[in-house]
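To keep things clear, I will list the structure first and then write my remarks on it.
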Amino acid sequence: MSAGGTGCDWTDQDGLLAPRLALAAACIAPFFFGCSPPWASGLLVAVFCALAVAHTVERLARGREWFPVPLSLKLVSLALLAWSAAVVAIDMVLGPARGRAPAVSLREMPFAAAYFGAAVLGASYRVRGGAEGWRGALKAVSAAGMLLALVAFAEYFAGWDVKALLGGADPSPRRFRLSGPYVNPNRFAVLMVVCWGCAAGGAIHGIVSRSARRSRWWTALFLASALAAGTCVGLTLSRLAVISAGIALCLAAAFAVHRAGRVRLWRPEEALTRVEKARLAALAALPVAAMLAWGAWSLSAGEWRLRERFADLAGQDPNVTGRLAAIRAALPLVTERPIIGWGLGMFEPVFAGVQPPELPGRWREVP
């Protein structure tokens, strides 16, 4: 992208080289993050941290704002990062003799720094890139979503062992749930919801936009990517992902209705024609219709298995009851150390001490 976002010039004339490289890394990362050897995660963290530091130094040297977000958001982000660093420092001071694990905390702290660095890079890209920058990001994420969907479909429908080809972990025993290059279907569902949202947004913009720059090819790609990503979400059989995506779609439709405020829902000073009444009724029903359409599509794509999983919610689903039991067992740990906690990445060994005997399995985080 060039400074205007329409070409392929990657020069740093507008100070966007680091955010663009970060966008490229974020789109490539899902193909091996989470299923490759442990060094892959460390490599991604190092890339984002290095890009964020270089970008921050460059912006400060040019006299620009290094983190262009509202002051309240900036303070909250810095406070969370400072709190994580303080926890690591406390672990190092207390040491293993006091039940802390500084080695684990030091290993987890770079991930917090990488998340913060990604926020800095993303905010700078949003401010400097403008509308064209947003469209460029939508294109990149949508293209990545399409490729991820093709990889997932290759395993789900053709039986290709893509995880082994990528050098990752063994295939998931839950073969009936789509997981793509990941082992955990729920993580793949969250990723595909993001891709689906970006693709759907790009498709809607391409359809309603009257700009001469509108590309029918990109609109078609957005639609295809949204269809593929939405199908992946349904085939993961992740109930929470389907529900969350439906709520997000409903809110987006409600926002669209609000933006269409030029057509008032009632005008007492003059009578409405039947056509106007029908149009306003359809506009008011858009959020509910959008959410119902998404639910129907997800249940169709997920076949009978997803409908069974939702039906289990009315009964005694062992997954749901087990998670509720784990939450109840973990609450005393939260109340015992509400401020500094037990250390970064220490939930599994600490929870093992309070895990009920009737609750089997390993719990690496609060469900």
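Along the sequence shown, the residues carry numbers beginning at 1.
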Axial cation check for W342 ring with R337, 6.0 Å and 45° limits: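 Judged by the rule (NZ or CZ under 6.0 Å from the ring centre, within 45° of its axis), R337 counts as positioned above W342.
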
Hydrophobic clustering (ILVMFWY, side-chain heavy atoms < 4.5 Å, transitive) - are Y182 and L147 grouped together?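 They do share one cluster, since a chain of ILVMFWY contacts under 4.5 Å joins L147 to Y182.
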
Counting heavy atoms not belonging to F153, are there more than 12 under 6.0 Å from its CZ?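 Enclosed.
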
With no hydrogens and no angle check, is any side-chain donor or acceptor of W196 less than 3.5 Å from a backbone partner on G145?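 Judged by distance alone, no pair lies under 3.5 Å.
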
How long is the gap from [atom1] on [X] to [atom2] on [Y], to the nearest 0.5 Å?
{"X": "K139", "Y": "L221", "atom1": "NZ", "atom2": "CG", "result": "9.5 Å"}
{"X": "M109", "Y": "R107", "atom1": "CE", "atom2": "CZ", "result": "14.5 Å"}
{"X": "S179", "Y": "L191", "atom1": "OG", "atom2": "CG", "result": "12.0 Å"}
{"X": "Y156", "Y": "L235", "atom1": "OH", "atom2": "CG", "result": "5.0 Å"}
{"X": "R135", "Y": "C198", "atom1": "CZ", "atom2": "SG", "result": "14.5 Å"}
{"X": "R64", "Y": "H55", "atom1": "CZ", "atom2": "NE2", "result": "8.5 Å"}

Should E348 and Q355 be marked as a side-chain contact (heavy atoms from CB on, under 4.5 Å) after you check the CA-CA gap, both sets of side-chain angles, and the distance that decides it? CA-CA 10 Å; E348 181 178 358; Q355 184 172 350; over 6 Å; no

With a 6.0 Å cut-off on ring centres, are F67 and F116 close enough?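 F67 vs F116: aromatic centres under 6.0 Å.
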
Could you tell me how the ring of W218 sits relative to the ring of F222: parallel (under 30°), tilted (30 to 60°) or perpendicular (over 60°)?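 Geometry flag for F222 against W218: tilted rings.
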
